[in-house]
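Quantities reported herein were computed from a predicted structural model and do not represent experimental measurements. For the numbers below, each heavy atom of this structure counts, side chains included, while hydrogens, waters and symmetry mates do not.
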Amino acid sequence: MDYSADGTNTTKHKFMLFVSGMSVKSGHAIENLRRICDIYLEDNYELEIVDINRDTELAIKHQIVAIPTLIKIQPAPRRIILGDLSDKEKVLKILNLSE
């Protein structure tokens with residue numbers, strides 16, 4: 001892990017959120033994830049939103065079979081969450097974030 005001079009963790013969290021257009025579930029997933037990241041990760045995250053209708057190659061590469069799907073790329077271990085991310089406690093636990 002990377003640490004700054006004051007001992008805090010500087011590893012940037014990286015996420016890929018696979019959605020299908022602007023469906024209601026996709027919109028909720030984007031909104032819920034941004035809210036969680038803004039509260040718990042502040043500016044220490046990168047979020048890539050992938051519309052499978054426009055980028056089918058990336059969806060195939062990551063073996064996406066359900067929408068919305070969130071993949072936590074960094075820090076390890078990699079985690080995958082399906083759904084609109086509305087269960088905040090479950091999402092925080094899977095992403096290993098503290099409340």
A.B. asks: Surrounding NE2 of His62 (heavy atoms of other residues, nucleotides or ligands, distance under 6.0 Å), is the total greater than 12?
C.D. replies: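 Result for NE2/His62: enclosed.
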A.B. asks: Report yes or no: do Ile49 and Ile52 belong to one cluster of Ile/Leu/Val/Met/Phe/Trp/Tyr joined by side chain heavy-atom distances under 4.5 Å?
C.D. replies: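 Ile49 and Ile52: separate clusters.
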A.B. asks: Apply side chain to side chain contact (heavy atoms under 4.5 Å, CB included) to the pair Leu58 and Phe18, showing each step before the final yes or no.
C.D. replies: CA-CA 9 Å; Leu58 204 51; Phe18 290 85; 4.3 Å; yes
A.B. asks: Check whether any side-chain heavy atom of Leu97 lies under 4.5 Å from a side-chain heavy atom of Leu41, and answer yes or no.
C.D. replies: yes
A.B. asks: Working note: Ile80 + Thr69, criterion side chain to side chain contact (heavy atoms under 4.5 Å, CB included); need CA distance, chi angles, decisive distance, verdict.
C.D. replies: CA-CA 7 Å; Ile80 298 173; Thr69 296; 3.7 Å; yes
A.B. asks: Is Ser20 reaching over with its side chain to a backbone N or O of Ile67, donor-acceptor style, under 3.5 angstrom?
C.D. replies: no
A.B. asks: State the CG-CD1 distance between Leu95 and Ile36, to the nearest 0.5 angstrom.
C.D. replies: 7.0 Å
A.B. asks: Going from CZ on Arg79 to CD1 on Ile73, what distance comes out if it is rounded to the nearest 0.5 angstrom?
C.D. replies: 13.0 Å
A.B. asks: Linking I/L/V/M/F/W/Y whenever their side-chain heavy atoms sit closer than 4.5 Å, directly or via other members, would Tyr45 and Ile71 fall into one cluster?
C.D. replies: no
A.B. asks: Step by step, would you call Glu57 with Lys61 a salt bridge (Lys or Arg N to Asp or Glu O under 4.0 Å)?
C.D. replies: CA-CA 6 Å; Glu57 298 270 330; Lys61 176 183 173 189; over 6 Å; no
A.B. asks: Mark yes or no for whether Lys72, through its side chain, and Pro75, through its backbone, hold a donor-acceptor pair below 3.5 Å.
C.D. replies: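 At least one qualifying donor-acceptor pair exists.
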A.B. asks: Could you tell me whether a side-chain N or O of Asn44 sits under 3.5 Å from a main-chain N or O of Thr11, the two making a donor and an acceptor?
C.D. replies: yes
A.B. asks: Taking all non-hydrogen atoms of both residues into account, name the closest pair between Asp84 and Lys25 and its distance.
C.D. replies: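 Asp84 and Lys25 have their closest heavy atoms at CB-O, 3.9 Å.
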A.B. asks: For a quick test of reading the model, state the closest non-hydrogen atom pair linking Asn32 to Leu85 and the distance between them.
C.D. replies: CB-O, 3.5 Å
A.B. asks: What are the two closest non-hydrogen atoms of Asp51 and Asn53, and how far apart are they?
C.D. replies: OD1-N, 2.9 Å
A.B. asks: Output the distance between atom NE2 (His13) and atom CD (Gln74), rounded to the nearest 0.5 Å.
C.D. replies: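 Between atom NE2 of His13 and atom CD of Gln74 there are 9.5 Å.
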A.B. asks: Are Met16 and Ile64 co-members of a hydrophobic cluster defined by side-chain heavy atoms under 4.5 Å apart?
C.D. replies: yes
A.B. asks: Looking only at heavy atoms, which two atoms of Ser26 and Gly21 are closest? And how far apart?
C.D. replies: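 Ser26 and Gly21 have their closest heavy atoms at CB-O, 3.9 Å.
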A.B. asks: For the atom pair CG (Asp87) and CG (Leu92), what is the distance rounded to the nearest 0.5 Å?
C.D. replies: 9.0 Å
A.B. asks: Could you tell me the separation between the CG atom of Leu47 and the CD1 atom of Ile30, rounded to the nearest 0.5 Å?
C.D. replies: 8.0 Å
A.B. asks: Between Phe15 and Cys37, which heavy-atom pair has the shortest distance, and what is it?
C.D. replies: CE1-SG, 3.8 Å
A.B. asks: Find the distance between CZ (Arg34) and CG (Leu17) and round it off to the nearest 0.5 Å.
C.D. replies: 9.0 Å
A.B. asks: Is Glu89 paired with Lys93 through a side-chain N to carboxylate O contact shorter than 4.0 Å?
C.D. replies: no
